[in-house]
Every structure is written in structure tokens, then in C-alpha cells.
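What follows is a single structure, written as C-alpha cells, with notes after it.
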Amino acid sequence: MFGKLSWSVIPFDQPIPLASSLVVALILCAVLAWIIVKGHLPYLWREWITSVDHKRIGVMYCILALIMLLRGFIDALMMRSQQALAFHGPGYLPPEHYDQIFSAHGTIMIFFVAMPFVIGLMNFVIPLQLGVRDVAFPTLNSVSFWLTASGSFLVTISLVIGEFARTGWLAYPPLSELTYSPGVGVDYYLWALEISGVGTLMAGINMATTILKLRAPGLTYMRMPVFCWTSLASNLLIVAAFPILTATLAMLLLDRYCDFHFFTNGAGGNPMMFVNLIWAWGHPEVYILVLPAFGIFSEVIATFSGKPLFGYRSMVAATMAICILSFTVWLHHFFTMGAGGDVNAVFGILSMVIAVPTGVKIYNWLFTMYAGRIRYTTPMCWSIGFLITFIIGGMTGVLLAVPPADFVLHNSLFLVAHFHNVIIGGVLFGVFAGYTYWFPKAFGFKLDERLGKASFWCWFVGFWVTFAPLYVLGLMGMTRRMQHYDRPEWYPWTLVAMAGALLILTGIILQVTQLFVSIRTRDERREPTGDPWDGRTLEWATPSPPPVFNFAVYPDVSGADPYWGMKQKARESMSLGNEPEYTAIEIPRNTPTGFVVAFFATATGFALIWHIWWLVVVGLVGSYATFVVFAWRDESETEIPADEVARIDRANRAARSAVLPGQPA
Amino acid sequence: MNAAAPSIREHDEREATSADGPASRRIAVGYGFWIFLLSDIIMFSAFFATYAVLNDATNGGPGPAQLFDTTNVAIETACLLASSFACGMASLAVAERNQKWTQISLLATGLLGATFLGLELKEFSSLVARGAGPTHSAFLSSFFTLVGCHGVHITAGLLWLGTMMAQFYAKGFRENIQHRYLCFSLFWHALDIIWIAIFSLVYLNGTRV
């Protein structure tokens with residue numbers, strides 16, 4: 001009846017996962033109880049869970065990412081403390097548990113923190129920057145989000161029901177084959193990633209179509225904000241790379257479930273095939289994450305320097321160059337696996353070539369700041385911290401791209417330090433900059449600046465205190481994923497790294513405090529005009545938070561940095577111009593389709609992991625039925641009357657007129 | 001915008017006059033679905049690459065030349081291409097809003113597709129019966145996966161087709177249903193393209209002397 005599932009899979013004998021999951025379950029139950037008792041459930045269902053509004057979905061993506069960040073960071077703290085304690089001793093985490101922790105940390109941080117955060121910000125911002133009312137496929141957008149949530153859910157419950165993979169975040173075979181990983185851990189990994197991967201692919205298709213086909217009148221390609229360009233590149237990469245991940249993981253699933261021989265040791269299987277395929281997805285994935293972050297920095301630096309972005313065209317060209325080059329370097333992840341000197345040389349050189357367009361970007365950001373009137377706000381702090389951190393991370397990357405050097409450093413903590421250097425310094429600093437920058441747009445009030453900066457400093461210093469020792473340890477020969485060690489000269493460095501992790505913890509606590517304090521004092525922080533930072537792009541032309549239809553009338557774009565141009569015109573003429581003619585606006589109707597599909601997808605995934613075959617059938621039939629019900633609905637849109645549109649827009653126009661020069665204060 | 005790059009600016013202005021805001025629903029739906037099809041083709045290309053790499057990994061068992069029956073494959077191909085032709089006829093009937101011919105041509109599309117699927121299953125079961133199932137060697141794993149993945153797509157397409165016919169019957173030629181039909185026909189034709197690649201690279205290449 002329940003396949004492999006029984007009470008024995010709950011780790012009653014392991015206090016750490018049991019206690020931590022109990023705490024999480026208690027918190028979840030408490031939140032749920034509070035929502036139900038307070039009567040918020042209907043509101044939550046109507047306005048959020050079933051919402052197809054890109055802004056709401058974007059916010060939900062970011063909340064998911066923030067929650068999973070806490071989970072992934074707890075894993076990180078456990079790894080650092082284990083290594084700090086496991087000198088000449090076993091530490092407190094047994095190897096099979098430690099292995100699950102580093103696998104879960106990598107998987108969660110990439111797939112369920114970085115991806116949803118980046119996709120969430122793109123979701124929220126892109127239609128606003130493009131001056132349109134929604135993404136191309138709003139319902140599909142909701143499906144994408146809930147499938148991602150479904151994958152996160154599966155990874156999370158593996159903590160207490162069964163186990164997670166012990167194979168590292170990419171689950172290389174033959175270790176991940178049934179022979180060597182007979183448990184459900186790898187199955188959790190594979191099904192969670194297959195389900196969320198489908199969601200990501202659909203999000204990519206959706207965003208790419210939106211950017212290429214839905215733009216405000218006059219918003220030509222070369223007038224698009226750079227964030228739209230980098231997002232376009234990122235989504236094209238999603239469309240081109242994620243199918244490879246789906247196919248590769250499907251082959252491993254067939255090996256495990258149906259006794260196929262793609263990557264097995266025997267019967268002609270070829271484990272190197274997996275390594276090649278997974279990195280043909282994995283390297284573009286790095287750029288899927290970092291390109292939108294580059295876009296965020298471009299917006300933030302231009303805004304807070306009070307200047308148009310320096311070298312817009314070269315920025316676009318560099319973005320698209322990185323987009324293409326990212327598919328030509330995957331082999332540098334396994335120089336040591338015997339492809340031969342010639343092949344290694346080609347991939348080594350191509351890897352170094354990527355540093356060229358990236359360098360172009362760095363100089364563009366520096367020249368944007370040069371002679372600008374810089375305002376050191378929190379987003380700007382993250383951006384400057386990024387510039388310093390990322391340049392160093394990039395240089396260690398170029399070092400690793402030299403095959404002979406890579407033979408020495410492969411699989412060492414030097415590598416671990418390098419990719420954290422670019423992912424934390426690049427992606428995470430980027431999404432934090434974006435989070436602080438667009439928060440007032442999403443909610444109508446600014447986050448607390450003082451706490452934001454304090455958090456930045458803890459993160460920035462904490463990052464270096466954690467990862468600089470890892471560079472040193474790597475050069476001293478310490479390999480990654482070590483559960484314990486006996487070398488006395490490594491010990492002090494692991495202690496320093498532990499201290500750094502605690503500093504980052506302080507930064508995270510400050511961020512949580514910042515959020516709570518800002519929400520509590522939101523009434524003093526309100527910003528009526530919708531343009532708190534003196535922005536340049538179209539999202540700042542909407543009220544904060546923007547109405548469901550974003551723009552009462554499509555903005556007419558006549559140049560780059562369109563909102564800056566509009567503001568200049570309004571300031572010079574001391575008026576916003578004539579009130580436009582308002583018409584009724586049709587917006588897509590909310591639908592529970594996404595939530596229901598994800599519900600069935602989660603059931604199917606869980607059933608497949610535990611071999612509960614009847615539930616697999618139920619899940620698949622349920623998904624198909626949901627699809628048919630959705631196809632059958634008669635009304636897909638609802639209308640907002642012209643009066644309502646006029647009321648909302650007039651209120652915003654009044655607030656904006658009030659700050660024009662020549663108006664009574 | 002500065003005067004230093006007049007040609008680019010001219011280009012910009014031309015684009016500006018032609019870009020009249022967001023594209024129509026039909027264009028966006030078709031365009032998005034094309035992007036999906038490209039991603040699907042990339043997924044197949046991963047399976048093709050694997051098949052090419054594992055082509056010789058027969059584990060001492062039979063290879064392509066001993067296994068493939070080109071007559072069966074020829075009939076399969078004929079069915080699939082005829083099915084696409086019927087699908088094209090259905091597109092014309094949909095454009096004419098002709099319920100009778102829409103249903104007839106979609107039925108023909110589906111029957112031909114189902115015949116293709118039946119022939120494929122027949123081939124698979126005869127291979128398994130001869131001891132050449134997917135668990136025997138890496139080559140056979142990759143063969144069954146590549147061809148089977150196309151078969152799964154056909155199966156999903158048939159389910160979709162049934163839903164499409166029911167929608168036309170129950171709801172008529174509503175605009176959003178026509179958009180869905182546009183996607184379905186693109187999907188069905190794209191599966192032909194994949195099949196032609198399978199036909200050439202797997203079957204013809206495997207049985208050449």
C-alpha cells in the first residue's frame with residue numbers, strides 16, 4: 001500500500017534532524033493556525049495562492065527563496081562547525097549525515113534559493129520595466145512558481161521522511177547509481193529537480209516571450225533597460241540548458257528505476273557521459289544566475305550615480321557574448337578526467353575568454369560611477385561590495401581555468417572558495433541589492449537603511465573571513481567535503497572560517513530584523529509618489545505598490561531611460577501633461593490551476609520516491625484532469641472599469657504633481 | 001543617443017515606428033510555443049548525443065544492424081507523415097470554422113498517430129522478446145530511451161488531440177481554442193521533424209551496409 005514507506009524511515013535515533021524538523025513543523029503549524037484563526041486564509045487563497053499577477057508571483061518566489069536561504073544557511077553553519085570541531089576527532093556529525101548536509105546545502109542554495117530569487121525579481125520587475133500589464137502567459141507563470149515550491153517541499157521533507165542524497169549537489173554516477181546509493185536520498189534529489197526544473201523551463205519560456213514580444217510602444221531593443229537584456233540572455237539560457245538537465249536526470253532515473261545502463265559501471269554504461277551532460281547544463285546555469293544579478297547592479301549603479309549607464313551598447317554586447325560563450329566552456333569542470341592536453345587547452349582558453357566581456361562590464365560600472373553624484377544607499381553598498389568581491393572571485397576563476405593549475409587545485413577548498421566568491425559576491429549580493437532596491441516598489445515603503453547597511457557589512461566582512469581561509473586551506477591541500485582531518489596546520493584556518501560564518505549569521509539576523517522593523521514602522525516609511533530612489537526606468541512610473549494592471553495607459557517610450565525623460569519633461573514644463581483618456585482594462589482571472597497542478601506533482605514525486613504506484617497514477621490523472629478543467633473554463637479575463645482605473649491613476653498623478661517644482665508644498 | 005552613430009539611430013527610429021506596443025495574443029502564443037518546441041528539440045538532442053556515444057556499447061549483444069526492421073519503420077514513417085498531412089487538413093478546416101471536417105481530419109490525425117504508436121510498441125515488444133530489451137546494454141538503453149521519448153510525446157499528443165476535438169465540439173471555434181490548436185499543430189509537426197532525425201540517424205544509419 002505505501003511502497004517502501006514505513007515508520008522506520010523517520011530518524012527517531014538521530015536527534016539533530018528530528019529536533020530541527022520538529023521545530024520547523026511547529027513554526028509552520030503555528031503560522032498556519034494563526035492564519036486560520038485570524039481568518040486570513042480566504043484572503044491568502046484569493047489574493048496570493050491563486051494569483052496570476054506577475055508581481056504577486058514574483059514576491060512569492062522571493063519569499064520562497066528567503067525561507068530556503070535560512071535552511072541552506074543552517075546546513076552551511078553545520079558544515080563549518082563540523083570542520084572546526086573535527087580536528088583529531090569525529091566532530092558531532094557522522095559521515096552519512098555530513099554527506100547529506102553538504103549535498104543538501106548545494107542543491108538548496110542553487111535550485112531553491114538562487115534560482116527562485118532571481119526568477120522572482122525578474123517576474124516582478126520585467127513587465128514593469130517593459131511598460132506592459134503582465135507576462136505573456138500569466139497562468140503558466142503561476143504553474144511555474146508552484147512547481148518550484150513543490151520541488152522545495154520535497155527536498156525539505158527529506159529531512160525527516162527518509163534521507164537526502166549523499167552524493168554531492170550534482171549526484172555523479174556511478175556513486176548515485178542504485179548499487180552504491182540504494183536509499184531514497186538520490187530519488188528525492190532527482191524528482192525534486194525534475195519537478196522544479198519543469199517549472200524553471202516554463203518560467204524561462206514565459207519570460208523570453210514576454211521580453212521579445214511584449215513591450216510598450218516605442219520600447220525598442222536598444223532602449224530596453226539592461227536588466228531586461230541580461231534577463232533575456234538568462235532566460236534564453238534557461239530554454240537552451242534546462243532541457244539538458246531534464247534529459248540527464250531522466251537517464252539517471254531510468255538507470256535507478258528500470259535497470260537501464262546509461263551511467264553504470266557494467267553493460268557498456270558510461271559515467272563520463274553524465275559528467276559531460278550535467279555540466280553542459282551546469283555551466284550555463286552559472287550565467288543564468290549571475291546575468292540577472294549583473295542587470296540589477298547596472299540599474300542600481302546608474303540610479304544611485306544619477307547618470308545613464310556608461311557604455312550601454314557594450315553592456316548589451318557583453319551580455320550576449322557571455323550568453324553564447326557560456327555554452328563553450330563546460331569541460332573546465334573536469335580537466336582532470338582525461339580528455340587530453342589539446343582538449344583541455346581549448347576549453348581553458350575559452351574559459352579565460354569569458355573574462356573579457358565580464359571585464360567590459362566591470363569597467364562600464366566603474367565609469368558609470370566616475371564623476372557621478374553617488375548616493376551610498378544599501379543597494380549601492382551591495383553593488384560596490386560586489387565589484388570588489390567579484391573581481392577577486394573572477395581572478396581566481398581565471399587561475400582555475402589554467403589546466404595545469406587546475407590539476408593542483410581540483411576538488412580542493414580553493415575551488416569551494418572560488419565558486420562561493422562568485423556566487424555569494426555575484427548572485428547573492430545582486431539579489432540582496434535588488435531586494436532592497438525594489439522592495440519599496442512592491443510594498444510602498446522603504447526598508448530600514450541603517451539595519452540594511454549593518455547587515456551588508458556583516459555579510460561583506462563575514463564573507464571574506466569565511467572564504468579567505470578556504471583559499472589558504474585549498475592551497476595547503478585540504479580537499480572539499482572532508483568530515484574530519486588530522487593536520488594541525490589546517491586547524492586554525494577552519495576556526496577562522498567558522499568565525500566568519502557566525503558573522504554572516506549576524507548579517508542574516510540583521511536582515512530579518514530589518515524586515516520586521518520596517519514592517520512595524522511602515523507608516524512612517526510610506527513613499528506616495530512611487531519613485532523613492534529618483535529612478536530612471538519605467539517601473540518607477542507606476543504607483544507603489546503598482547495596481548494589478550501596472551499602467552493605466554501604455555507609456556509612450558521615446559528614448560533610453562524612459563522614465564528619466566518623462567520626469568525631465570515634467571520638471572521643465574512644471575506639469576505632468578494632460579490627463580490620458582482612461583479605458584476599461586481586461587486582466588487575466590485568478591485561477592488555482594498552478595496550485596492544484598503542483599499539488600498533484602508533489603504527490604506524484606513523493607509516490608515515485610517511495611514506490612507507491614497507485615498514488616503515481618492518481619497524481620498523473622489528477623494533473624491531466626486539472627489541465628482539462630482549465631481548458632474548459634469559459635471566462636479567462638475580468639474587466640476593471642474605466643472609472644476605477646481613473647481613480648487609481650489620478651491619485652498617483654496627484655502625488656507626483658505635488659513634488660514638481662513650482663507646486664505649493 | 002548621440003549624433004556619432006547616425007545609422008544606428010535611423011535604425012532605431014524605423015524600429016520605433018514599426019513596434020506598436022505589445023504583440024497580439026495569437027503572435028505571443030505561437031511565439032512562446034515555438035520557444036518551447038526549441039527547448040524540446042534540445043532535450044532530444046541530449047538523447048541523440050547519448051545514443052551516438054553509446055552506439056558501440058552493445059555489451060557483447062546485438063547492434064543496430066541485427067535489430068532494426070526497416071519495413072516496419074517505413075510503415076511507421078508513412079503513418080506519421082500522413083498523420084501530419086491530416087493535421088494540416090484540420091488546420092484548413094479550423095480556419096474555415098467547419099466543424100464536420102475539423103472533427104474528421106482530427107480523427108484521421110489521431111488514428112494514424114495511434115497506428116504509428118502501435119507499430120512502435122510492436123517493434124519494442126519484439127526486441128524485448130528476442131532478449132534485446134533496454135536493460136541488456138547501454139546501446140539498447142539509449143535506443144529505447146531516444147525512440148521511446150518520441151513515443152511518449154506522441155502519446156501526450158494523442159491525449160491533447162482528444163481534448164482538442166472535445167473542445168471544438170463543446171465550445172466551438174473560440175479564439176483561445178484556435179490558439180491552442182495552433183500550438184497543437186506546431187507540436188504535431190515538430191514531432192515529424194524529430195522522427196525524421198530518428199529515422200535517418202538511428203534506423204538508416206544503423207542498417208546501412
Side-chain angles (χ1 to χ4, degrees), chain A residues 130-133 136-137 140 201-202 204-206 208-210 212-223 238-244 246-248 250-251 254-255 258-264 266-270 273 276-277 280 313 554 557-560 624 627-628 631-632 634 636, chain B residues 1 5 8 11-13 15-25 27-29 31-36 38-47 49-50 53-54 56-61 134-142 144-145 149 159-160 163-164 166-167 170-171 174 176-177 180:
Chain A
L130 294 175
V132 292
R133 297 205 168 115
F137 311 109
L140 190 70
L201 176 66
M202 293 194 297
I205 293 169
N206 206 343
T209 312
T210 306
L212 291 170
K213 284 289 149 199
L214 305 184
R215 297 191 303 274
L219 190 67
T220 57
Y221 285 123
M222 292 315 278
R223 288 173 183 171
I238 288 178
V239 172
F242 266 77
I244 309 178
T246 308
T248 312
M251 287 187 251
L254 285 168
D255 275 5
C258 308
D259 195 23
F260 279 35
H261 292 288
F262 283 108
F263 313 123
T264 53
N270 186 345
M273 191 67 210
N276 265 294
L277 284 169
R313 274 155 207 276
Y554 282 121
V557 178
S558 55
Y624 177 68
F627 161 73
V628 173
W632 238 255
D634 284 320
S636 53
Chain B
M1 298 299 126
I8 296 166
H11 175 71
D12 245 359
E13 276 161 9
E15 243 186 84
T17 48
S18 65
D20 248 356
S24 73
R25 192 73 206 137
I27 302 261
V29 169
Y31 199 90
F33 201 76
W34 261 114
I35 297 181
F36 164 73
L38 291 177
S39 81
D40 215 32
I41 286 172
I42 290 170
M43 187 178 77
F44 271 104
S45 69
F47 288 125
T50 313
V53 168
L54 300 177
D56 298 326
T58 53
N59 190 24
T135 59
H136 183 75
S137 69
F139 155 67
L140 282 162
S141 296
S142 63
F144 273 89
T145 307
C149 183
L159 267 178
W160 187 2
T163 325
M164 242 19 275
Q167 284 180 63
K171 306 274 177 188
R174 220 162 57 188
N176 59 351
I177 295 180
R180 284 175 204 157

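Throughout, protein chains are lettered first and strands after them, A, B, ... in sequence-line order, and every chain is numbered starting at 1.
- Only the side chain of A:Met251 has a heavy atom closer than 4.5 Å to any heavy atom of chain B.
- Only the side chain of A:Leu201 has a heavy atom closer than 4.5 Å to any heavy atom of chain B.
- Nearest heavy-atom pair, A:Pro243 versus B:Ile42, reported as atom, atom and distance to 0.1 Å: CB-CG2, 4.1 Å.
- Using a 4.5 Å cut-off between heavy atoms, A:Phe263 does not touch chain B at all.
- Contact annotation for B:Ile27: only side-chain heavy atoms (C-beta onward) come within less than 4.5 Å of a heavy atom of chain A.
- In this structure, chain B has a heavy atom under 4.5 Å from the side chain of A:Tyr624, while its backbone stays farther away.
- Heavy atoms of A:Val132 lying under 4.5 Å from chain B belong exclusively to its side chain.
- In this structure, chain A has heavy atoms under 4.5 Å from both the backbone and the side chain of B:Leu159.
- Listed options A:Cys258, A:Gly269, A:Gly204, A:Ala240 were ranked by heavy-atom pairs under 4.5 angstrom with chain B; first place goes to A:Ala240.
- Remark: the backbone N or O of A:Trp632 is paired with a side-chain donor or acceptor of B:Lys171 at under 3.5 angstrom.
- Note: B:Leu54 leads B:Thr58, B:Leu54, B:Asp40 in heavy-atom pairs under 4.5 Å with chain A.
- When atom types are taken as modelled, the side chain of B:Arg180 and the backbone of A:Ala631 share a donor-acceptor pair closer than 3.5 angstrom.
- Residues B:Ala28 and A:Leu214 approach most closely at CB-CD2, 4.5 Å, considering heavy atoms.
- Looking only at heavy-atom pairs under 4.5 Å with chain A, the residue among B:Cys149, B:Ser24, B:Ala166, B:Gly61 that has the most is B:Ala166.
- For the set B:Val29, B:Thr50, B:Val53, the entry with the most heavy-atom pairs within less than 4.5 Å of chain A is B:Thr50.
- Residue A:Asp255: no heavy atom, backbone or side chain, is found under 4.5 Å from chain B.
- Comparing A:Ala241, A:Gly268, A:Ala247 by heavy-atom pairs within less than 4.5 Å of chain B, the highest count is held by A:Ala247.
- With a 4.5 Å cut-off on non-hydrogen atoms, A:Leu212 touches chain B through its side chain but not through its backbone.
- By the 6.0 Å contact criterion, CH2 on B:Trp160 is enclosed, its count of non-hydrogen atoms from other residues, nucleotides or ligands being greater than 12.
- For the set B:Ala57, B:Ala23, B:Ser45, B:Ala170, the count of heavy-atom pairs under 4.5 angstrom toward chain A peaks at B:Ala23.
- Atom OG1 of A:Thr248 is separated from atom CE of B:Met43 by 10.5 Å, given to the nearest 0.5 angstrom.
- Of all heavy-atom pairs between B:Ala46 and A:Leu277, the closest is CB-CD2, 4.3 Å.
- With sequence neighbours left out, the side-chain hydrogen bond (donor to acceptor under 3.5 Å, both in side chains) criterion links A:His261 to A:Thr264.
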